[in-house]
Amino acid sequence: MQHVLCLAPKGTHNIDMGYGLSAFTFCRAATVNPVVGSQVWVEDSQVAWIDGEVLEVKEGEIKVRCTSGKTVVVKPSSVYHKDTEAPPCGVDDMTKLAYLHEPGVLDNLRSRYDINEIYTYTGNILIAVNPFIKLPHLYDSHMMAQYKGAGFGELSPHPFAVADAAYRLMINEGISQSILVSGESGAGKTESTKLLMRYLAYMGGRANNAAEGRTVEQKVLESNPVLEAFGNAKTVRNNNSSRFGKFVEIQFDQSGRISGAAIRTYLLERSRVCQVSDPERNYHCFYMLCAAPPEDIQKYKLGNPREFHYLNQSNCFELEGVDELKEYRDTRRAMDVVGISSEEQEAIFRVVAAVLHLGNIEFTKGKEVDSSVPKDEKSWFHLHTAAELFMCDAKALEDSLCKRVIVTRDETITKWLDPESAALSRDALAKIVYTRLFDWLVDKINNSIGQDPDSKSLIGVLDIYGFESFKTNRVDLIE
Ligand SMILES: Nc1ncnc2c1ncn2[C@@H]1O[C@H](COP(=O)(O)OP(=O)(O)O)[C@@H](O)[C@H]1O
Ligand SMILES: [Mg+2]
């Protein structure tokens, strides 16, 4: 198994590795009796670690003058030796560091990051620090050609080297491989995954034969925009955060050519469909559809996203530099490419629009005790529109929201729901419909890509769900 660990820098100095650093086992007892004049690292609330010189050593206390100018008194156990001979541009493999402790690792990553070296090895683990700027020269076909067949560690650290190692292990040993991509949300997992896939497609791809249509690898790469439209959203950390886990399995034939692929997704964050907090957004597809051309807007009875309860719980509607109409068109085109027919696309967007209308149905008390009915004209309008779009009976939809049917061994009991419970059942319906839609899309994409039942070996790439590390983490991913 190969491992790519992604990290996101915060500010200019502080590379946050709260989640990611769990991959390292640090030697806590790295510091052995610092003496006056020793160069050390001490913890700092602003920049994580700061370097300085020991001025005084007393029983249980060390006085250090930091390079920032301030003097601090700390416990001996909390200071770490600084390697004064470390090269200023850092080392490309952490195992070359004289001291493998947290400040040493962070300082090495920062030194490299400052000169746009975003990749570093720790043995065979690749650490990627998100550059937040485009570095196209790093990923062009010339680069892929260089990594082809080069020994691991021979060239600069790179995701292509990781993919190449996995490919060659699979070919030479005949054993299936997997590449795990982990890290906090926004750290660059999905981008790294795409690079790994690109390289595998480059190594195992076939020359594009126009008569055969698109190749497996093209379809896998082209499925990204479709999955992202329905499964990605803006979060605090990342404007295009995947809210689902993804395991892509690339199947190879005997001669090492790609012969099939399967995409498995899991844990779509379904609570987001009806609950969004500022400054995040719901799934991209909702905003795209609200910006669709007038004929579509009319068809789906949509309009300003600010009018929809599932979207206006947050004040964020637009994304900088994103043209939603263009996104809508691009998504439609990407759907064409992965083999989703225009009738199916119609049906997909009907469901997306219906979910928005569903969210605008409000309830008030009905005639019966603890019963509920749609609140007003507006709510009735949204109920009827949702039913029309779902192509179901409006009365049946109303009943499904306002009543609960309990089936016992002897009888079927229908119970009214009060307005709050009706709103909860509305949200539950929205979430389940949306999740089913997402799962259907994944199935559809898989059918279009095609699997190879005879494949003997595969390379799996896992883009693990990116957790956001906050002071308090919400546990609402699985419900
Ligand atoms: N290698 C990279 N080069 C340039 N930009 C990157 C790179 N990796 C990540 N980014 C930027 O960071 C953003 C978040 O990355 P993403 O892969 O979506 O994070 P994650 O999947 O870990 O949540 C991307 O939208 C992109 O702007
Ligand atoms: Mg992602």
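In each ligand, atom 1 is the first atom listed, and ligand 1 is the first ligand listed.
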Original post:
So do the side chains of Ile459 and Tyr167 get within less than 4.5 Å of each other, counting heavy atoms only?
Top reply: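 Ile459 reaches Tyr167 side chain to side chain.
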Original post:
Around the Mg ion (ligand 2), what protein N, O or S atoms are found below 2.8 Å?
Top reply: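 Near the Mg ion (ligand 2), below 2.8 Å, one finds Thr190 OG1, Ser242 OG.
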Give a yes or no on whether the backbone of [Y] and the side-chain of [X] come within a donor-acceptor separation of less than 3.5 Å.
X      : Y      : result
Tyr434 : Phe230 : yes
Glu344 : Ser341 : yes
His357 : Tyr300 : yes
Arg112 : Thr120 : no

If you measure only the distance, is there a donor-acceptor pair under 3.5 Å linking the side chains of [X] and [Y]?
X      : Y      : result
His158 : Asp164 : no
Asn282 : Tyr287 : no
Arg332 : Tyr328 : yes

Could a heavy atom of [X] be found less than 4.0 Å from some atom of ligand 1?
X      : result
Ser185 : yes
Cys6   : no
Glu184 : yes

Which option, [options], owns the non-hydrogen atom nearest [atom]?
atom                    : options                        : value
atom 6 (C) of ligand 1  : Thr193, Asn130, Asn238         : Asn130
atom 20 (P) of ligand 1 : Lys189, Glu191, Lys134         : Lys189
atom 7 (C) of ligand 1  : Gly188, Gly183, Ala128, Pro131 : Pro131

**OP:** Go through ligand 1 atom by atom and flag the ones less than 4.0 Å from a non-hydrogen atom of Phe132.
**Re:**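 Numbered from 1, ligand 1 contributes 12 (O).
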Original post:
For ligand 1, which atoms have a heavy atom of Asn240 less than 4.0 angstrom away?
Top reply: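 Those of ligand 1 that fall under 4.0 Å from Asn240 are 18 (O).
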Subject >> Matching residue for Glu228 among Lys194, Lys246, Arg243 - test: salt bridge (Lys or Arg N to Asp or Glu O under 4.0 Å) >> reply: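 When Lys194, Lys246, Arg243 are each tested with Glu228, the salt bridge (Lys or Arg N to Asp or Glu O under 4.0 Å) holds only for Lys194.
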Original post:
Does any N or O atom in Tyr139 lie less than 3.5 angstrom from one in ligand 1, N or O only?
Top reply: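 Yes, at least one N or O pair falls under 3.5 Å.
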Original post:
Would you say Ser241 and ligand 1 have an N/O pair spaced under 3.5 Å apart?
Top reply: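 Checking ligand 1 against Ser241, no N or O pair falls under 3.5 Å apart.
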**OP:** Could you tell me whether Gln298 atom CD has more than 12 heavy atoms of other residues or ligands within 6.0 Å of it?
**Re:**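 Count not over threshold, so no.
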**OP:** Output yes when Arg436 and Asp439 qualify as a salt bridge under the 4.0 Å nitrogen-oxygen rule, no when they do not.
**Re:**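 Salt bridge between Arg436 and Asp439, a charged N being under 4.0 Å from a carboxylate O: no.
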Subject >> Ile133 and ligand 1 - part of the residue with a heavy-atom distance under 4.0 Å >> reply: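 Only the backbone of Ile133 comes within reach of ligand 1.
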